[in-house]
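Here's the structure we're looking at; comments come further down.
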Amino acid sequence: MEGVSYQRLPKIMIREMKDDYLKFNLTDTDASMANALRRVMIAEVPTIAIDLVEIEVNSSVLNDEFISHRLGLIPLTSDLAMGMRFSRDCDSCDGDGQCEFCSVEFHLNVRCDSDQTLDVTSADLRSTDPNVVPVDVAARALSSDPSSFDSDQRGIIIVKLRRGQELRLRAIARKGIGKDHAKWSPAATVTFMYEPDIQIKEDLMETLTLEEKRNWVESSPTKVFDIDPITQQVMVVDSEAYTYDEEVIKKAEAMGKPGLVEIYAKEDSFIFTVESTGAIKASQLVINAIDVLRQKLDAVRMQDAEADFKEFTDHMQGGG
Amino acid sequence: MGADPNVDLSSLAAPVSSAVDKFPLLPAFLKVRGLVKQHIDSFDYFINHGIKKIMKANDRIVCRHDPSLYLRYTNIYVDRPSTTADTIQELLTPHSCRLSDRTYAANILVDVEYTFGQRAVKGQKKGEQNEGPPTLQMRRRVVIGRMPIMLRSSHCVLSGKDEAELAKFGECPLDPGGYFVVKGTERVILIQEQLSKNRIIIDTDSKGRVTASVTSSTHETKSKTVFFMEKGKIYLQLNQFTKPIPILVVMKAMGMESDQEIVQMLGRDPRYGSLLLPSIEECASERIYTQQQALSYLEGKLTSFNSSKAGGKKEGMAKTILLDVFLANVPVIQGNFRPKCIYASVMLRRMMDAILNTDTFDDKDYVGNKRLELSGQLISLLFEDLFKSMNSFAAELLNKAYENPSRNSQLYQGQPSQILKQDMITNGLEKAISTGNWDLKRFKMHRKGVSQVVSRLSFIAALGHMTRISPQFEKTRKVSGPRALQPSQWGMLCPCDTPEGEACGLTKNLALMTHVTTDDEEGPLISLCYSLGVEDLALLSGEELHAPNSFLVILNGLILGKHRQPQRFAGALRKLRRLGKIGEFVSVFVNDRQRCVYVASDGGRVCRPLVIADKGISRIKEHHIQELRAGVRNFDDFLHEGLIEYLDVNEENNALIALYEGDIDMDDADNEKDANKNNITHIEIEPFTILGVCAGLIPFPHHNQSPRNTYQCAMGKQAMGNIGYNQLSRADTLLYLLVYPQRPLLTTKTIELVGFDKLGAGQNATVAVMSYSGYDIEDAIVMNKSSLDRGFGRCIAMKKYSAVNEIYSNNTSDKIVRPEMDVAARKSNMQILDNDGIAAPGEIVRNHDVLVNKYSPRNTRDHLPSGSRNDYRPSNAIYKGPEGETTVIDRVLLSSDTNGRLCIKFIVRHTRRPELGDKFSSRHGQKGVCGTIVQQEDFPFTERGICPDLIMNPHGYPSRMTVGKMIELLGSKAGVSCGRFHYGSAFGEPSGHADKVEDISYTLVKHGFSYSGKDFLYSGITGYPLQAYIFMGPIYYQKLKHMVLDKMHARARGPRVTLTRQPTEGRSRDGGLRLGEMERDCLIAYGASMMIFERLMLSSDPYQVQVCIKCGLLGYYNYKLKTAFCSMCKNGDNVSTMKLPYACKLLFQELQSMNVVPRLKLTEA
């Protein structure tokens, strides 16, 4: 195996990009890299979320813990999160987690005085830092047409109040990672798939009648193949829609035409789908994830190499 | 077959109308009846009718000495539930009773007329002449006691209220009612199963003898009459006689002196005669020929108890027993024994039938031979007993007052309330319902556990509790018969819902549409029968009785007569019933084998509604259902118009019931089909109604192995969820709530009917059926940590703690003091106290925190001048909870209890997220504990980004065969992808109440999933695809009440029992973990003797003793002289010191106290 270099330089090709959605191809790498990226995006990219709630008055139907839990799960805009300190290693507040470097304070003060049920939503949360607000509030502020939100999208509902009920609290949001609690995970969905490589055996396919072709095309639960209306040839319309269900292969076998189609997964090519909760932009999420990943690797490098590697080599020699 | 000119060809040409969807009947049925109608009906019957009957039967309290002094009840009625506080009457609501530990009860009022009064007394004074008859006085609305009121019954404030009004009362609109609130606790009176009364039962007894028995039960007497055959001769067994009596003697004693008449009454078939011959011979050998001889023979066999009661004279005693006790259900009019003779002969004939032909035995387990006793009947018995006691007590008071007029003169002030003691009835009813002990000496009834606390663990648990039937047998009996599934319970009792273990098959549950009848008037029915051509018994000779072409007509176990055209008679009665001329629950059953027509109107029969069909064609047409949907028609209209009727178990035997209307005409060959179709009399409303409430929650139960459904029925009652809309204002001792309960994605019609979709007990979890990490063996499940973070399986446990501000006999009372504000107090366990000395809501409470800062007086006996601070000692109410757990005080309730003491209740709340070892279950009897919790990034995922909430091991499937669970997964998956709740009602595929797998698969494929429900997953750890496709989709998971937090326990050192000095037992006492016999055996076998020594003595109860080597008894150590001493030998010479388990020393001393001398023989080691 000498002489062969496995060194590859992974490439990213962005396919589709929205604020909270990103689809890209990651090529020239293998599953370990792709998976590491995915795992970091889910669990280790820091965001800000409400972590401590001091309830002054709560006469709503939901109890204090219930409301605190709900508050925690509200995604907050966390563009600052990468630069913030974890409250546990914040020097300026002795780990109290109440200083400006590691926390953001929120206030909520709502009382229902009308006969109608009052929805307490994320919009009622008052932040001390304009950069850290609930994501839907931020989205509304950015939106050009504020009226479109008014009626049906009032924000993330925290609790509903009836006449006379009141909710007053102080909440402190802190930086954290998804590993500690899912509320700090910036990712709604992070997933990848191997890019399929679909090859139709044209000569074999031509032996099928149109009816058979149609049957075969329809055997796939997702729309991967279609029949060209003009040439009446089967063609691949969307290879990425293929879910590796092997239905078409089974169908081909059932039709007595094994090998009609060959589908392989390209082992060095991944199609990533990233959806963000809105805490950070999906594109930023990927960049942050790469940063985090690099920091982790740096941390390994920065360690006292002598001491650690001695242990490591000892271990290898002893064990080997 | 040629064309029949009479047939209307156009009707034949018309397309066969598809079967009418009868499902809308069900909600209509439940709307009219509710799920616990049987309880409410029964209670209403008692309150409105039964109580009046009892009053009429016992309406006089007469003075023994002067019959003209009396009190007579003229009317009795029950008021609305109310309470009188400070002479102001206020309406009670059930919820206020629950919160303040009161009884939800109403006054029982009577109208009376009485003659004892002041004037009357004067007239009765000794020596004076009567001034004339005492004047009659009347009084209305005299309170004689308080009757606990069943919730949602006609007298309850909740009856007929709509949702908003119920909410105002603090009541949940989905709560079924049917229970009582006694002293603040909700109690149901369980349905009691019994063998039916007043019916002839042919059976074999333990000795293998053929018996015919009747358990007679009338208002006056209860007795059991048994005929049995031994060595070819037939005898009567009755408790009043010492020995079995030859049957011929009994017949002769009743005036049937001629043997020929007796034989004729049995029937002319010579086989009956020859069977009776040995009995006749025995009678003849005893030389009994006349009634007089027979009676004197009987008098010789009376038990001593009876003869002593008669005061030694036995004459006439036998006759009275025959009149009153023997077959007591047959009424005797003017001493006419003939009905009893006929009844006895019918019994004999049936017995002989059974001997000649063994399949005519009665099955005791047959549901038609059973009666269900409901709360109304049980309370009625209780009330009758108490009412009689009260009356006799009142009569006693009256007598005493008469005997001693001066002392009790106030009794004659003309106040009936002075002799009618209210508390007797009030306390009696309250005590019985709150303890569940029905101890009625008058009716020889001693039952325990009749009432139970309503299980409020989940909504379904409470509902299931209302439909439960408690068994007639004791649970310990190891018999299989009564436990087996009876074919006759089809549609009446749920085939799935029964507990496992000792009560298996004995405790049952009602099916969804079952109704239990209440008593109906017999009188009109009897006269109706006669006018329909029943020939009166009195006019028939014995020979005619069993004439070959006639059937006996029996009403509620009473022989009315015979009828020559039984089918016609039954048809006429049924027609009248459908017209509503007689009660809808009257059953008519033609028994061809016994040649009898049984008409029943008694209470306690189970019955269910069925659609009437004429020659297989349903009477319900599409337009009926449309009218129902439009709301212009309700269930009762269907009943009154003769489209639907109730059939009881017996009458079902005369019916041919089709499952679906459509089924009928697709069957078999033409002629056979016609025959079948013409015979069909009824059509089921919906087949899934054979299941009960609990089994109705299971989706696709008909695809599961049957025990799995039974397991789920038990587990559904332990699932956490919502209790009711009023759950947060309730004050239960223990309440488990789910934080985010959901309704199942795969529902059933039953779920919607009972309201489970509004009060769910579980969550739809995305389940991947695969092996993962090895922490999922033996039914363990792997959970996704992120799902738990987001609230999956999160629950709230609420517990009640109460403290009472005691009032003592010397008018002192506890006092609650504001906590001292100094620093010391602040630092201690008083932090959560408010200024009023009571812990504040919202505070976090820890173990040993003070809930109430309370002081009790040191002296509670003597009257003292107002005490100073020193007279009081602290008696704080202290919170005891697990160490390290942070709980919060949710609410604090202040109320006064029945004795006027201040009662402080704390509701303490604890929110828990699932942890290792918590128990979860799907709806298919597949329970499992959480084996490990795994980070989301390690979880497998699909390319769509779907990541399961939990992983279940596929080994759970093959042996359990819960195919229903697989279909549930498929259906739920299709449901989430297409946005429609899918259905899985039992047997619902043909009628469209369950989605077919084929359709589900189609939906799945349409939304880009595999038809099989399997997905292509990537490993979250490596990023590589998994080797196999994974069956994945949502399944409704229940969190069960068994949680590790409540069970985990370990101890190093801790408390010991004072008596034995061994460690205490049980978690609640912080007990030790026992090294039991079997563990000890292991150690012995292994040879770890020092280990045994350590475990069994050193770590348990070591004790140093002084043993006298000489006498072998225990001595003692004299600390003054610093020597050991043997008190037996009176010296300390041979005493040595050794260690013993304290329990061993204790045993020696206990033995010594019984004059057994244990001696220790010591040798030098």
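Note that these values count all heavy atoms, side chains included, but never hydrogens, waters or copies made by symmetry. In what follows, chains carry the letters A, B, and so on, assigned in the order in which the sequence lines appear, proteins first and then strands, with residues in each chain numbered from 1.
- Counting only distance, with no hydrogens or angles, the side chain of B/Thr1022 and the backbone of A/Ser32 share no donor-acceptor pair below 3.5 Å.
- The backbone N or O of A/Lys179 lies less than 3.5 Å from a partner atom in the side chain of B/Lys785, making a donor-acceptor pair.
- The candidate from A/Lys183, A/Glu267, A/Arg70, A/Lys223 with the greatest count of non-hydrogen atom pairs under 4.5 Å with chain B is A/Arg70.
- A/Lys281 NZ: 12 or fewer foreign heavy atoms inside a 6.0 Å radius.
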| Test log, rule side chain to side chain contact (heavy atoms under 4.5 Å, CB included), inputs B/Val739 and A/Phe66 | CA-CA 8 Å; B/Val739 173; A/Phe66 203 145; 3.4 Å; yes
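- Here B/Pro1025 is the residue among B/Gly842, B/Ser1012, B/Pro841, B/Pro1025 with the most heavy-atom pairs under 4.5 Å with chain A.
- Other residues, nucleotides and ligands place more than 12 heavy atoms under 6.0 Å from the CZ atom of B/Arg980.
- Atom NZ of B/Lys800 sits in a crowded spot, with more than 12 heavy atoms from other residues, nucleotides or ligands closer than 6.0 Å.
- Taken to the nearest 0.5 Å, the CG atom of A/Asn63 stands 7.0 Å off from the CE atom of B/Met798.
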| task | Test B/Tyr1018 against A/Tyr194 for ring pair (Phe, Tyr, Trp, His ring centres under 6.0 Å), laying out the working first. | result | CA-CA 10 Å; B/Tyr1018 294 85; A/Tyr194 286 92; 5.7 Å; yes
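- If you take CD on B/Glu937 and OG on A/Ser185, they are separated by 8.5 Å, rounding to the nearest 0.5 Å.
- At most 12 heavy atoms of other shown residues, nucleotides or ligands fall within 6.0 angstrom of atom CE in A/Met17.
- Residues of residues 34-43 of chain A lying under 4.5 angstrom from chain B, judged on non-hydrogen atoms, are A/Asn35, A/Arg38, A/Arg39, A/Ile42, A/Ala43 in numerical order.
- In terms of heavy-atom pairs under 4.5 Å with chain A, the best-connected choice from B/Asp938, B/Thr942, B/Ile796, B/Asp1015 is B/Asp938.
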| request: Take B/Glu943 and A/Tyr244, measure what side chain to side chain contact (heavy atoms under 4.5 Å, CB included) needs, and give me the verdict at the end. | output: CA-CA 10 Å; B/Glu943 62 230 0; A/Tyr244 294 97; 4.2 Å; yes
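- Note on ring orientation: taking the six-membered ring where Trp is involved, the planes of A/His69 and B/Tyr740 are tilted (angle from 30° to 60°).
- Proximity to chain B (any heavy atom under 4.5 Å) is shown, for A/His181, by both the backbone and the side chain.
- By the 6.0 Å contact criterion, NZ on A/Lys11 is open, its count of non-hydrogen atoms from other residues, nucleotides or ligands being 12 or less.
- Once rounded to the nearest 0.5 Å, the distance linking CZ of B/Phe1009 with CG of A/Asp245 reads 11.5 Å.
- Ring to ring, A/Tyr242 and B/Phe1016 are not that close: their centroids are 6.0 angstrom or more apart.
- Contacts with chain A were tallied for B/Arg909, B/Gln936, B/Gln935; B/Arg909 has the most, counting heavy-atom pairs under 4.5 Å.
- The parts of A/Glu65 that come within reach of chain B are both its backbone and its side chain, each placing non-hydrogen atoms under 4.5 angstrom from that chain.
- Heavy-atom neighbours of B/Lys1014 NZ from other residues, nucleotides or ligands within 6.0 Å: at or below the threshold of 12.
- If you measure heavy-atom distances from B/Tyr1024 to chain A, the contacts under 4.5 Å come from both the backbone and the side chain.
- Contacts of A/Thr189 with chain B are made by side-chain atoms alone, with heavy-atom separations under 4.5 Å and no backbone atom involved.
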